[in-house]
Every structure is written in C-alpha cells, then in structure tokens.
Asks: 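Can you keep this structure in mind? I'll have questions shortly.
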Amino acid sequence: MPRQILVTSALPYANGSIHLGHLVEYIQTDIWARFQRMRGHSCIYCCADDTHGTPIMLRAEKEGITPEALIERVWHEHKRDFDGFHIAFDNYHSTHTPETRHYADTIYTRLRDAGLIEVRAVEQFFDPVKQMFLPDRFVKGECPRCHARDQYGDSCEVCGAAYLPTELIDPYSAVSGAAPVRKESDHYFFRLSDPRCVEFLRTWIVPPQVQAEAANKLNEWLEGGLADWDISRDAPYFGFEIPDAPGKYYYVWLDAPIGYLGSFRNHCDRHGLDFDAYWKPDSGAEVYHFIGKDILYFHALFWPAELHHSGFRTPTGVFCHGFLTVNGAKMSKSRGTFITAESYLRHLNPEWLRYYYAAKLNGSMEDIDLNLEDFAARVNSDLVGKYVNIASRCAGFISKRFNGRISGEELPKLDPSPYIAQQSQEEMQRKMEAARKTPSGPGFIAHAKGYIVQPQFDETDIVGWSQARGVEIAQAYEDRNFALALRLIMELADIANRYIAERKPWEMARQEDRDSELHEVCSVALTLFRNLTVYLKPVLPVLAEQVESFLNVAPLTWADVLSPLPPGHAINEYQHLMTRIDPRKIEAMVEENRRNLAPAPTPEPAPARHAEHQQHVAQTDEAKVPESRHIGIDDFTRVDLRVARIANAEHVEGADKLLKLTLDLGTETRTVFAGIKVAYDPASLVGRLTVMVANLAPRKMKFGMSEGMILAASDDQGRPFLLAPDSGARPGMRIR
RNA sequence: GGUGAUGUAGCUCAGACGGUUAGAGCGGCGGAUUCAUAACCCGCAGGUCGGCAGUUCGAUUCUGCCCAUCACCA
C-alpha cells in the first residue's frame, strides 16, 4: 500500500544567500523524497522562505525598500538556487502568507484557550532613537567577564561567556549607536514548563521520533527543566500581529515551523488535497522534518508541544543532520570556502555535489566534510570511471554491430561470484546485518510494518544479484544512510566492470563466430547499467533522465529492476553522460569566492540567532581580508543604481552646501539632501533626470532624513557635475 | 565553565555485542589490457585503531582520566 508522506526542510531565512552549508539539508531531503516517489509512494516536499523578524525589517529599511519587496526578491534568488541543484519541491512558499497567518492564529488561539499562554512583563533594552526594543544580538557592549569590547548582547565571542544584554558594560544599540534604556513591556509566553507539556514531551522525545543521539540531548534539556518560551515581540516588527494583542507580534520563530503548515496548505488548495488527512491527530500519513542540529530544540520540543496541545498531529520523525565543513574547517570567506549556491553553479555541475554529499550522509548528527580534493577524486572515480564507463564501453558495440538493439535472446543466468572481488558474500551479509542493527528511524518501523516488500532474488545469477542488492540499497536510502547505499551501488558497478574485463568483448568483436556472445555480454552489462541508474536516480535525477533517453525507456522507477530490458530493445546512440571534474574549476571557484569578499566597511549587526541557521562561518574572518584592487561583480550589483527624475529642488534653510531634492523613482519618491548648492540653482534642476543610489541606508541629517544619494563627478575644487542618463531613460530604471 | 559527539592507513570513511593475519574507495608503486572522453582489470606497500591507566586469560572494541576537534547551553 503506498505511503502518504509529507517531508519538509528547514525554512531558509530571507536575509541571505543559499550556500553549500544549506544545501546539505535540501539535497538530503530531496534524495529521500525522490527515493520514496520512485518506490511508488506519495511524498510531498514542502518548504518556504522564513520572512519575519527584526533582521528583515532593518535590512529592508537599510536598502530603502519595504520588507515585502525584500522578501519577494530573496524568494526568487532562493528558488533559482534550489532549482539549480534540482531540489524538487512540490511547493516552495513563504511564511508571509495568509495560510501561515491562519495557522499561527489557530495554534495561538487554541494554546491560549488551553491555558498555555501567559502574559508577563519583561524588561528589555529599548533604543530611544529608533523607538524599538532591541533583540539581544542588536545590543553590543563590553563583555562583563573578560571585558572584550563590542560583544553581542547574549554571549561573548572572545571568552564564550553567556549573559544577559543588561549585564553588558556600556551597552549601545547596534542599530542606532544610541545608549539603550531599560523598558518594561508585556510579553506572551508559551508555557512549556506546564506539566502537560513536560509529560507529553517525556514520552515523545524517544526513537523513532528522534534519533537516539538526539534523544540524549533532548533529555538533557528536559531534565534541566524547560523554561517558558517568549513568543511575542513589540512593534515595530515585521510579522503577524497577535489577534487579541494590538502592537504585539508573533516572534519569527513561532511562525517559522508553522510555515510548514502554511506551505502544505497552499499546496493542498492548489491540488485538491485534504490538509486534515495529513494533520489531524489520528492521521495515517507520515510527516518528517529534516533539520540541522542547531534547531533541534525548536523542532523537537516547542513544535511537537505546540502541535499536540492545539489539536494537530505531531511529526512522525525529526531527522537531524550535522553541519558542513570545507577542507576540515568551518566555511571561511577569506579561504574562499564560503561558497554560495549561485557561485558553485557558475563553475560546477550540481550533480557532482549531490553525489558527494550523498556519499557522506549516513543519517547521523555528525558533521560532514567537503574535502575539495577528495570531492574531485571521488566523483571522477565513482561516477565517470566506474558507473558511466560501463555504458560507454558497451554502447559502441551495440550500435555498430547490432544496429542499436540489445540481444533478442533472454539473458542467461551468470554466476556472479567470480566478479565479487575478495569480499565474500558472507562478509556482505554481515555488513547488511550490521546496517540493520544501526538505530533505525521511522523508516525501519515502516519496514517492520511490511510497507517494503522484499522479494527473493536468485543471487546465483549476476542480474539477480544486482536485484538482491537493491533490497539492501532501498533499506539504506530509507534509513537515510546514503553513504551505505552508494557503497553498495559502487560495489555493483565494480562487479559490472570486472564482468566486462573478464569476458573481453573487444576480443569477441574480432572473431567472426562470437557475435552472439558479444551481444550477450553487452546486453547483460547494459542491464546492470540500467539497474545502477535506478539505484542512483534519487541522487542524480538529471543524469538518470539522460540515461533514460539513451536507453530509450520510460522514466525509471524502483520496480524496473525486476524486469530486464526487453529482448531486442532498441537503444539510442551513446553520448557521453558526464565529464570529469577539472580541479582547476574548483580552484577557480574558490579563488572567485576569496576575491569577492564584501569589504564590510560598517560592521552589520549580526542576524538574530535563528537566522544563523547553517551559517557557521569562521568568525573574525573579515578583518583579515587583504584589500584588493578589484571587486567582483557581486560587489557592484549590491549597489542599486536607479534613474531618478528631480521632481522638486529647494534651498534648505540654514544649510550652506545642501539642496533638498525630491526624487521620483517611478514607483516612489525619495527625499535626498545633496551637497550641490555651490554649482546648481534649484530651479534649473527640476525635471532633470539623474542617477541615484537607491539602496543606501537612510541617514539622519541635521535638516531631516536623507533617503539615498545622487551621483556626481567632482573636480579639484570639489565642484560637482551631476550625472545624467541618455535621452529616453525613464525614472526607476536599474543601472548596471 | 557544563553537557554531548567525534578521534581507525597520505585523503575520505567502514567495522568489531572483546578473541585467529583490522577493511574499502581514492592517492602511491608495480604489472596487465586497449572496448571505453587514460577509463577498466590484477597485485604490492601503508595503520602499535588519539594518549595513559583499569577490568579481563585476552581490548583497537568495555570503564575512568587526559589531549585534540566540533557542537549545544533554551
């Protein structure tokens, strides 16, 4: 019976680019989802951009655009990157949507009615200039323990001390620089410490809902005592206002996981699916969240407790993975190993990375390392040297000698044992037993329930042997032990290559009377190649499509290995399926990332904690960056230059250099103070077109807020010469 | 600081519920081959399984301590 599965990956924050660290999770989830679909199950993969919170609000303000415009732009960037890596979401949505608001309100209201929401006064730092409460990460000051300067409000990066923002010495706002004042305000708390929550979680945080190693960690937190969770933030805040609490907004971390519901609901509405069938408490559907170990707390404590007490089912499983290191160290901008998805795609094939990550992922919470040398060696050897090579070395005979048709005879049974290297079948068996003993997730439970049918295969036949391995490979995929799956698959590729070497088809080709033998060998080898393609398809979907076209077969599913290619089946001309990685391309990519460092003249306030998901970059990196004569195109495109029409220009009372300009950008108008009074008469400027920096952070000047800057050349005396676009340009046009 | 995880050949990783000569792939070296975008096949070398101590007839596998790396501390 097909399973009904819903999977999610953590929501990337709409405040930064997707990089190779993020991709571990999306690739892992995508492989698992594709595997399930190939098995004939329904597996819906939903995700969304996480769009709320102070960092988004401030960044939009800094860029001079609305938060809505910012998250819209970032959504497209994220989607483009995911598409580039063949992440096959069924829905990629946003948390800033009516669906997410609906479920946030539903969950909040039900928790409130259950008596699990409590209002408490909280004293917090308040920025008197910006008129806003400051998140911990937006307060800086001197560490109370080691007295390091400019440390964040929650912990010291020098000595590692954790403290409250109010403990900082000489605190200042990272937003305005002003000294913050203490101010009290009502906050809404989810009462996680309520016995109902604690009792529920005690029974919930055990395998198979979470991995055994995660259960240890969670228990540690649980036994340490759970604190209530502050789920509200005061205006100004970009998010959803709490229905019965004007001026209070849901904390971004409340609506982030709810975004899973929102995205899925949106998918259901568009495809006529029944949302409740998946999310009602007694649902028979399976729900899995793939997450990084940094957000385990949210997904395995807050989230199930919220769901359970608001009338929803809880996840079938939370699958936690580790972080990515590159060449054994944290990703680093100065080493060029902070590699964005977009930059990777400019240089390298996404399936190479999918394969390498898969070869490292084993379903545990351990970190995985992207060793760039090993990456090239592994991909070149496994995929090009072993796997693709099988097709490459047989296809020529089939097309030249047999008119592109495989053998018309039924394939004979062939003893595989001569080709199974030293590794005896018993040893293989032992490995399988060991794999079975590893702490298995829900997939294993599903397996025990009989979802996975295990047909018996004839292992004394080489094709049957490849089918039999498919059972073990499927189990490995199910358990998210992709590393084991790929080891088994490559073992099979080795056997196919040894088989060809042993039978020596090239010798047969020289002898007149051995045509049928030659035909048989190539047909067997191509059948094995077809099976390998089935097994690799979750990891290499695009390559598999090329193979389907080469072999002239319908899209491959897992069940296809059960039947050989039909006798006499016609295949197409072989075209090389994958090229080797040229290490110079990797070097070029790293070099580009090294050079494209943002100069970061003004240190930006660090994003709030949740926004750091997967952004584990070596600290103190930027400071060491050598100045470069060149900037990358990325640096340039960060500057949003626009054509602007000077709608009005006037003198400023009391200013001896400034003119106050009103600039028309087509969709909006801006006020800009420009130091051009010495050269221009206001009246002569009105109606002119010029060029402005549209995303310059607004700056408070003596005479008012300046929301951008216009461009001008200047001579030795500082006399300005305003730039103007060619005739025909219209206000708002982007300059690049 | 507390807690947890990890530490196995040059590299990336398996594995051992304690027990004969500790494994693979890659890399290196030698050979064979030429069907294959030099891939593939055969063979060789390479590790006192992080360190110290304990339990045991016996530990790399269990226990304790130490060192290193990583993470978490709401």
Side-chain angles (χ1 to χ4, degrees), chain A residues 145 154-155 159-162 192-193 211-230 253 292-298 300-302 320 322-325 327-330 356 359-360 362 364-398 400-401 419 421-423 427 430-431 433-435 437-438 481 483-484 486-488 490-491 493-494 496-510 518 521-522 525 574-580 609 616:
Chain A
R145 196 169 86 178
D154 52 354
S155 66
C159 72
L192 198 67
S193 64
Q211 293 124 299
E213 32 187 338
N216 285 341
K217 195 78 194 163
L218 290 162
N219 264 306
E220 188 188 310
W221 284 326
L222 189 71
E223 297 315 320
L226 298 176
D228 296 339
W229 184 34
D230 185 350
W253 249 117
K293 62 185 180 182
D294 53 335
I295 55 176
L296 181 65
Y297 200 95
F298 293 91
L301 295 176
F302 293 146
C320 202
F323 295 134
L324 178 74
T325 55
N327 291 338
K330 281 186 192 178
Y356 191 72
K360 291 296 187 78
N362 59 12
S364 80
M365 280 168 62
E366 287 167 40
D367 292 353
I368 69 169
D369 185 46
L370 167 59
N371 180 293
L372 293 170
E373 268 182 47
D374 184 54
F375 167 58
R378 187 80 186 257
V379 168
N380 288 343
S381 167
D382 286 2
L383 291 184
V384 185
K386 289 180 180 175
Y387 163 64
V388 162
N389 192 228
I390 296 165
S392 173
R393 62 195 307 200
C394 294
F397 293 121
I398 295 283
K400 284 183 207 129
R401 299 291 290 269
Y419 315 117
Q422 295 93 336
Q423 232 172 359
E427 178 152 5
R430 281 219 315 276
K431 275 191 176 178
E433 291 307 319
K437 273 189 286 183
T438 57
N481 195 341
L484 174 60
L486 293 188
R487 277 202 303 278
L488 294 168
M490 282 308 130
E491 171 75 11
D494 285 343
N497 274 313
R498 279 191 212 109
Y499 166 72
I500 296 169
E502 184 80 12
R503 301 299 298 270
K504 299 184 171 55
W506 55 93
E507 283 183 6
M508 298 172 182
R510 286 191 223 107
L518 171 64
V521 170
C522 292
Y574 174 79
Q575 285 171 342
H576 202 54
L577 291 162
M578 184 175 268
T579 54
R580 299 167 67 81
R609 276 254 178 247
H616 294 260

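Per chain, numbering begins at 1; letters A, B, ... match sequence-line order. The analysis underlying the following values was restricted to heavy atoms, covering all of them including side chains, and did not include hydrogens, waters or symmetry mates. Values in this document were obtained by computation on a predicted structure and should not be read as measured data.
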Asks: If you check every side-chain atom of Tyr356(A), which of rU12(B), rC13(B), rA74(B) has the closest atom?
Replies: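 My answer, after comparing the listed nucleotides, is rU12(B).
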Asks: Specify the separation, in whole Å, of atom CG of Leu301(A) and atom C1' of rC73(B).
Replies: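 Atom CG in Leu301(A) sits about 13 Å away from atom C1' in rC73(B).
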Asks: Whole angstrom is fine here: how far is it from CG in Asn497(A) over to P in rC35(B)?
Replies: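 Roughly 16 Å, once rounded to whole Å.
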Asks: Would you indicate which nucleotide in rA71(B), rC13(B), rA36(B) comes nearest to any side-chain atom of Asp369(A)?
Replies: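 Out of rA71(B), rC13(B), rA36(B), the nucleotide with an atom closest to Asp369(A)'s side chain is rC13(B).
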Asks: Could you tell me the separation between the CG atom of Leu218(A) and the P atom of rU3(B), rounded to a whole number of Å?
Replies: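 In whole Å, rU3(B) P and Leu218(A) CG are 18 Å from each other.
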Asks: Taking only N and O in the side chain of Lys330(A), is any of them less than 4.0 Å away from OP1 or OP2 of rU69(B)?
Replies: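 Negative; the distance criterion is not met.
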Asks: When rounded to the nearest Å, what value does the distance between C1' atoms of rC62(B) and rG19(B) take?
Replies: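 My reading of the C1' atoms in rC62(B) and rG19(B) gives 14 Å.
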Asks: To the nearest Å, how far apart are Trp506(A) CH2 and rA39(B) C1'?
Replies: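 Distance, rounded to whole Å: 12 Å.
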Asks: Between atom OH in Tyr419(A) and atom P in rC40(B), what is the gap in whole Å?
Replies: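 The distance from OH of Tyr419(A) to P of rC40(B) comes to 19 Å, rounded to the nearest Å.
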Asks: Would you say the side-chain atoms of Glu213(A) pair up with the backbone N or O of Met365(A), donor to acceptor, closer than 3.5 Å?
Replies: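 Flag set: sc Glu213(A) to bb Met365(A) pair under 3.5 Å.
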Asks: Between Leu518(A) and Trp506(A), is any pair of side-chain heavy atoms under 4.5 Å apart?
Replies: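 Counting from C-beta outward, Leu518(A) and Trp506(A) never come under 4.5 Å.
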Asks: Identify which nucleotide among rC11(B), rC40(B), rU37(B) has an atom closest to any side-chain atom of Ser381(A), counting heavy atoms from C-beta outward.
Replies: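 Nearest listed nucleotide: rC40(B).
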Asks: Take atom P in rG50(B) and the same atom in rC41(B), then report the distance between them in whole Å.
Replies: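 Each nucleotide's P atom is 31 Å from the other's.
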Asks: Between rA68(B) and rU8(B), how many Å separate the two C1' atoms, rounded to a whole number?
Replies: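 Approximately 16 Å lies between the C1' atom of rA68(B) and that of rU8(B).
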Asks: In whole angstroms, how far is the P atom of rC72(B) from the NZ atom of Lys217(A)?
Replies: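 After rounding, the gap between these two atoms is 9 Å.
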Asks: Considering only the P atoms, how many Å lie between rU20(B) and rU3(B), rounded to the nearest integer?
Replies: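 Those two atoms are separated by 36 Å.
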Asks: Taking the P atom in each of rG64(B) and rC26(B), what is the distance between them to the nearest angstrom?
Replies: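 Their P atoms lie roughly 39 Å apart.
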Asks: Judged by each residue's nearest nucleotide on RNA chain B, which is more toward the 5′ side, Thr579(A) or Ile368(A)?
Replies: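 The residue mapped nearer the 5' terminus is Ile368(A).
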Asks: When you match Asn371(A) and Val384(A) each to their closest nucleotide on RNA chain B, which lands nearer the 5' end?
Replies: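 Checking each residue's closest nucleotide, the 5'-ward one belongs to Asn371(A).
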Asks: Any sub-3.5 Å donor-acceptor pair from Arg401(A)'s side-chain atoms to Ala509(A)'s backbone N or O?
Replies: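 Confirmed, Arg401(A) side chain pairs with Ala509(A) backbone.
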Asks: Looking at Arg378(A), does any N or O in its side chain come under 4.0 Å of the phosphate oxygens OP1/OP2 on rC11(B)?
Replies: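 The answer is no; no side-chain N or O of Arg378(A) sits under 4.0 Å from OP1 or OP2.
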Asks: With a 4.0 Å limit, can you tell me whether Arg393(A) has a side-chain N or O closer than that to the phosphate oxygens OP1/OP2 of rA39(B)?
Replies: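 Looking at the OP1 and OP2 atoms of rA39(B), neither is under 4.0 Å from any side-chain N or O of Arg393(A).
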Asks: Are side-chain heavy atoms of Val384(A) and Asn389(A) found at a separation under 4.5 Å?
Replies: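 They are not in side-chain contact.
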Asks: In whole Å, what separates the C1' atom of rC29(B) from that of rG10(B)?
Replies: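 Taking atom C1' in both rC29(B) and rG10(B), they lie 14 Å apart.
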Asks: In whole Å, I'd like the distance from the CH2 atom of Trp221(A) to the P atom of rC72(B).
Replies: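 It works out to 9 Å between those atoms.
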Asks: Could you go through the side chain to side chain contact (heavy atoms under 4.5 Å, CB included) check for Phe375(A) and Asn327(A) one step at a time?
Replies: CA-CA 10 Å; Phe375(A) 167 58; Asn327(A) 291 338; over 6 Å; no
Asks: Measure the distance from CG on Asp374(A) to P on rA14(B) and round it to the nearest whole Å.
Replies: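 Computing the Asp374(A):CG to rA14(B):P distance gives 12 Å.
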Asks: Would you tell me if any nitrogen or oxygen in the side chain of Lys360(A) comes within less than 4.0 Å of OP1 or OP2 on rC13(B)?
Replies: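 Yes, Lys360(A) has a side-chain N/O under 4.0 Å of OP1/OP2 on rC13(B).
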Asks: Determine the interatomic distance between C1' on rG46(B) and the same-named atom on rA24(B); round to the nearest Å.
Replies: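 Those two atoms are separated by 14 Å.
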Asks: Looking at rC40(B), rU3(B), rU12(B), which one has an atom nearest to any side-chain atom of Asn389(A)?
Replies: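 The listed nucleotide nearest to Asn389(A)'s side chain is rC40(B).
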Asks: Please work out whether rG64(B) sits syn or anti, treating a glycosidic angle within 90° of 0 as syn.
Replies: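 Because its glycosidic torsion lies more than 90° from 0, rG64(B) adopts the anti conformation.
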Asks: As a test of reading the structure: which of rA36(B), rC42(B), rA71(B) is closest to the side chain of Phe323(A), going by heavy atoms?
Replies: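 Of rA36(B), rC42(B), rA71(B), rA71(B) is nearest to the side chain of Phe323(A).
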Asks: Using only heavy-atom distances, determine whether the side chains of Tyr356(A) and Asp374(A) contain a donor-acceptor pair under 3.5 Å.
Replies: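 There is such a pair (donor and acceptor under 3.5 Å, judged by atom type) between the side chains of Tyr356(A) and Asp374(A).
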Asks: Which of these nucleotides, rC41(B), rC35(B), rG25(B), is closest to any side-chain atom of Ile500(A)?
Replies: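 For Ile500(A), the side-chain atoms sit closest to rC35(B).
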Asks: Nearest to the side chain of Arg510(A), which nucleotide is it out of rG25(B), rU34(B), rU37(B)?
Replies: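 Shortest atom-to-atom distance from the side chain points to rU34(B).
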Asks: Are any of Asn362(A)'s side-chain N or O atoms less than 4.0 Å away from OP1 or OP2 of rA14(B)?
Replies: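 For rA14(B), OP1 or OP2 has a side-chain N or O of Asn362(A) closer than 4.0 Å.
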Asks: What's the closest nucleotide to the Lys386(A) side chain, out of rA74(B), rA14(B), rG25(B)?
Replies: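 Taking heavy atoms from C-beta onward, the closest nucleotide is rG25(B).
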Asks: Can you find a heavy atom in the side chain of Tyr297(A) that is under 4.5 Å from one in the side chain of Leu226(A)?
Replies: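 Yes, close enough: below the 4.5 Å cut-off.
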Asks: Which one, rU6(B), rU34(B), rG25(B), comes nearest to the side chain of Glu366(A)?
Replies: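 So the nucleotide nearest the side chain must be rU6(B).
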Asks: What nucleotide among rC70(B), rC26(B), rC11(B) has an atom nearest to a side-chain atom of Asp367(A)?
Replies: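 So the nucleotide nearest the side chain must be rC70(B).
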Asks: Main chain of Leu324(A), side chain of Asp367(A): is a donor-acceptor contact present, judged purely on distance under 3.5 Å?
Replies: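 A pair under 3.5 Å: no.
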Asks: Work out how far the P atom of rC40(B) is from that of rG25(B), and round it to whole angstrom.
Replies: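 So the two P atoms sit 12 Å from each other.
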